[in-house]
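Step one of this worksheet: look at the structure below.
Convention: sequence-line order gives letters A, B, ...; per-chain numbering from 1.
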Amino acid sequence: MKDSTESLNFIEHIIEEDLANGFPKEKLRFRFPPEPNGYLHIGHAASICLNFGLGEKYQAPVNLRFDDTNPAKEEQEYVDAIKRDIAWLGFTWAEERYSSDYFQQLYDWAVQLIREGKAYVDEQTSEEIAAQKGTPTSVGTPSPFRNRPIEESLDLFERMKNGEFPAGSYLLRAKIDMASPNMHMRDPILYRIINKAHHRTGSKWCIYPMYDWAHGQSDYVEQVSHSLCTLEFKAHRELYDWYLDQIYDSSLLRPKQREFARRNLSFTVMSKRKLLELVQKKIVNGWDDPRMPTISGLRRRGYTPSAIRNFSEIAGISKRDNVTEVSLLEYCIREDLNQTATRVMGVLNPVKLVITNYPIDQTETLYLENNPEDPNSGTHEVPFSRELYIEREDFKEDGGKKFFRLSIGNEVRLKSAYIIKAESVLKDEQGEIIEIQATYDPDSKSGSGSEASQRKVKGTLHWVSISHAVKAEVREYDRLFLDESPDSHEDKNFLDFINPDSLKIIKEAYLEPYLSHATMDEKFQFQRLGYFTLDPDSQPGHLVFNKTVGLKDTWAKQNTETTVQPKPQSTVPQQPKRKALNEIQQISKKLTNLSGEKLENAIQSIQELAKEVSYDELEPLFNTAAKKVGTRIGVTLALGVMLKKGQQRNETMEAFIQSGLNDENEILRSAAEELT
RNA sequence: UGGUCCAUGGUGUAACUGGCAACACGUCUGAUUUUGGUUCAGAAGAGUCCAGGUUCGAGCCCUGGUGGACCAACCA
């Protein structure tokens, strides 16, 4: 439950303000309006969580409306997938609507517009119309058909509807303002002819309304109070309002459009077009490939609805362009799964371990805690025997001091089993270890309470009994792109940044037998490795697990940091250079807080940057207020560089230097002295 | 050569009518731990893009810059 002290996002502020101004709470209504032309992704989840979240917060209905005004792109498959995803996220829509439900009403309103002289039928080519539209910096010119008699437009529009004309031959346009600074107001298109079957209306219509004409009017029909969309529609708002003005009846609610920034995630792309490209070029295996940022991909990967909803909540909503780090998403899924996932053991990269003093044919049943976070979660059985697999990385002949795992002569615990000590190894001709021989302490059994069982050892390993193990395929995923923001490079295509190693398939992993009964909706933690879930590719007798996300691994991090040298070279290009003077100002401002080496560095970079600044640029800053000492130091330093380069001295300059000499600040004084 | 929007630690967001810049992720310590996980305790990291103004007081208001995003599909 949210309490009143919780901070609001800017949309909630708008709503609170409307409420405070007398807007009745029971008239609040929202909608989520996807076009069924692709699958939903994590960015849509932000919008879904925003709209449905507001619905929950204010007890207001939220419609699911499919914006299906372009039969060339839309398909029933997408409608079904979208509904599945929203329902899976745990939201319930008040009503399922379609823009196509309103085609007749939209048509009637369009006829009304023509009658009032506010719309006309145009018959130019798209090139001609585009040319007349002008540019953002120059006005457009009117269509020669702009003043077509009303009766003629009425007649042509009806015949358009009746299918008398081929696609592209006629259009209905609103008559607004060809000189508007807003391109969307320059006689926008209301209707175009498309001879294609619609997934719901079939061949009933051959003229289809454009987004702008359909969207606001649909909001109005459904009496949506706050129509929330992403920032790129900001420029459409004027048109949204203009269209509403034409049909608005003051006894009804008037919707308002407000815009928020779309959510971007690092190391992936978030546009349907680009995701479709990944699918079509078979870079991924479909929309629900676990590497995709789609809802269905995340679901298959093992993400939970609550993790995604929590992510949306934590990431928040604003109007700023953003790239949210994936680590936040990963945090959300770990936090959820840590509470709920059943702990099991599986070995992905096996090496054989033989316990030489364990009876040859003996098998023991041990018990593994299902979830230490939940004392009531119980235990499950796990068989133990003489020959085991452990992880190859968990053994080193001579591990060194910081290696907490198994090495010759050292003891570790086998999780939920015994303490063992490695004695020797067997190697093949290549020198690869093929078997580790160890002895166990029979008194050290987990949970036995014996003194030996209480003994502290350096580490604990997961393991699996070879003769009881279940074989399975395991798929591990890495980020799909090597660049943090693959589609933000003007000179490069996002596909140039594809990570060639984003999918790693382990054909034969060995899992404890408990997992042979795993079901699709169970979540597991393979202890010490990460979270895993069953993939739909699984067949009876052939299990396939997806790795959702690894556990935090400070050991691996330490290792990569010491072995791998400083990052190869960031693929992120240099930030577009801020102007040198601007940068000097920014560094300068902080100067008074610095000392020692940091101060030296700052001074040096200012002097470096000063080489790119002209005196004329610098002079206005001599007026900087006396209290802004940092900036004045920076300016003084920059001036010094210029004087050295042979800049002529003048009175303004001398006055500025003099004021520096008299300042309280020591750094400023000494900088000024340098110039005398 | 236009219009609109945006600018707060590395990242994402807060900061109500101007009043000690907060939270989360990430990073780094230490403790606990039969997961190098979890948990717990703590630390570092921004003075709010720049300048000027109003004010006792500015992240917030005003003016002027700078930088970024969006806008010219018979797409949504």
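- Along RNA chain B, the nucleotide nearest to Ser453(A) and the one nearest to Ser318(A) differ in position, and the one closer to the 5' end is contacted by Ser318(A).
- As a whole-Å value, the separation of Asn9(A) CG from A15(B) C1' is 14 Å.
- Among the atoms of the strands shown, none is found under 4.0 Å from any heavy atom of Lys272(A).
- Remark: C1' of C5(B) and CZ of Phe10(A) are 11 Å apart, rounded to the nearest angstrom.
- Applying the 3.5 Å distance criterion, the base of G36(B) shares a donor-acceptor pair with the side chain of Arg405(A).
- A 4.5 Å side-chain heavy-atom check between Glu512(A) and Leu368(A) finds at least one atom pair inside the cut-off.
- Counting to the nearest Å, the C1' atom of C75(B) and the CZ atom of Phe66(A) are 18 Å from each other.
- A donor-acceptor contact under 3.5 Å links the side chain of Arg413(A) to the base of U34(B).
- Summarising the geometry, the separation between NZ on Lys415(A) and P on U34(B) is reported as 8 Å, rounded to the nearest angstrom.
- The side chain to side chain donor-acceptor pair (under 3.5 Å) check on Asp122(A) picks up Gln124(A), Ser143(A), Arg173(A), with sequence neighbours excluded.
- At least one side-chain heavy atom of Asn9(A) sits under 4.5 Å from a side-chain heavy atom of Leu50(A).
- Within 3.5 Å, a donor on the side chain of Gln525(A) pairs with an acceptor on the base of U35(B), or the reverse.
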Revision key, fill the gap. With both pairing distances under 3.5 angstrom for Watson-Crick or G-U wobble, and | for a partner in another strand, the correct string for RNA chain B is .((((((..((((.....[..)))).(((((.......))))).....(((((..]....))))))))))).....
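- When heavy atoms are screened at a 4.0 angstrom cut-off, Gly447(A) is found touching base atoms of the nucleic acid.
- Residue Lys319(A) places at least one side-chain N or O under 4.0 Å from the OP1 or OP2 atom of C6(B).
- As judged by a 4.0 angstrom heavy-atom cut-off over every strand, Ser416(A) is placed among the base-contacting residues.
- Side-chain contact check for Ser450(A) and Asp443(A): no donor-acceptor pair (N or O, by modelled atom type) lies under 3.5 Å.
- The phosphate of U13(B) has OP1 or OP2 within less than 4.0 Å of a side-chain N or O from Arg263(A).
- Between the base of G10(B) and the side chain of Glu484(A) there is no donor-acceptor pair shorter than 3.5 Å.
- Listed by chain and residue number, Ser100(A), Asp101(A) satisfy the side chain to side chain donor-acceptor pair (under 3.5 Å) test with Arg200(A) (two or more places apart in sequence, or in another chain).
- Contact check for His489(A) versus Asp483(A): side-chain heavy atoms found under the 4.5 Å cut-off.
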Review point. With the sugar-phosphate defined as primed atoms, P, OP1 and OP2, and the base as all remaining atoms, what B/S/- string results for nucleotides 20-26 of chain B, 5' to 3', for protein heavy atoms under 4.0 Å?
Key: -----S-
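- Rounded to whole Å, the distance from CZ on Arg65(A) to P on A76(B) is 13 Å.
- Put simply, CZ on Phe32(A) is 12 Å from C1' on A76(B), counting in whole angstrom units.
- Comparing the same atom, C1', in G19(B) and in G59(B) gives a spacing of 13 Å after rounding to whole Å.
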Shorter than 3.5 Å, N or O on both sides, protein versus nucleotides 72-74 of chain B: list them out with atom names.
residue : atom : partner   : partner atom : Å
C74(B)  : N4   : Gln124(A) : O            : 3.3
C74(B)  : N4   : Gly168(A) : O            : 2.8

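- Residue Asn322(A) places at least one side-chain N or O under 4.0 Å from the OP1 or OP2 atom of U13(B).
- U4(B) atom P lies 10 Å from atom CD of Glu238(A), rounded to whole Å.
- With P as the reference atom, A15(B) and U54(B) are 28 Å apart, rounded to whole Å.
- Taking atom C1' in both C6(B) and U48(B), one finds a spacing of 15 Å when rounded to whole Å.
- Scanning for side chain to side chain donor-acceptor pair (under 3.5 Å) contacts around Arg528(A) gives Asp394(A), His462(A), with sequence neighbours left out.
- Nearer to the 5' terminus of RNA chain B, by closest-nucleotide assignment, is the contact made by Phe403(A) (compared with the other of Phe403(A) and Asn182(A)).
- Taking atom P on both nucleotides, G65(B) is separated from U1(B) by 13 Å, rounded to a whole Å.
- You'll find the side chain of Tyr39(A) stays beyond 4.5 Å of the side chain of Ile82(A), heavy atoms only.
- For U35(B), its base sits under 3.5 Å from the side chain of Arg343(A) at one donor and acceptor pair at least.
- Dense packing is recorded around CD of Gln454(A), with more than 12 heavy atoms of other residues, nucleotides or ligands lying under 6.0 Å away.
- When only modelled atom types and interatomic distance are considered, Thr324(A) and Arg263(A) share a side-chain donor-acceptor pair under 3.5 Å.
- Remark: ring of Tyr211(A) not stacked against base of A76(B); the cut-offs of centroid gap under 5.5 Å and plane tilt under 30° are not jointly satisfied.
- The phosphate of A76(B) (OP1 or OP2) has a side-chain N or O of Thr69(A) nearer than 4.0 angstrom.
- Of the N and O atoms on the side chains of Asp212(A) and His184(A), not one donor lies less than 3.5 Å from an acceptor on the other residue.
- With P as the reference atom, A73(B) and C61(B) are 35 Å apart, rounded to whole Å.
- Residue Val323(A) is classed as a sugar-phosphate contact, given heavy-atom separations below 4.0 Å to backbone atoms only.
- Remark: the separation of the P atoms in C49(B) and C60(B) is 8 Å, to the nearest Å.
- Distance noted for atom P between A72(B) and G67(B): 23 Å (whole Å).
- Contact between the side-chain N/O atoms of His13(A) and the OP1/OP2 oxygens of A14(B) is not found at any separation under 4.0 Å.
- Separation of the P atoms belonging to A31(B) and U17(B) is 47 Å when rounded to the nearest angstrom.
- When the P atom of U11(B) is taken as reference, atom CZ of Phe311(A) falls 15 Å away, rounded to whole Å.
- Residues Phe656(A) and Thr636(A) have side chains in contact (heavy-atom distance under 4.5 Å, counting atoms from C-beta outward).
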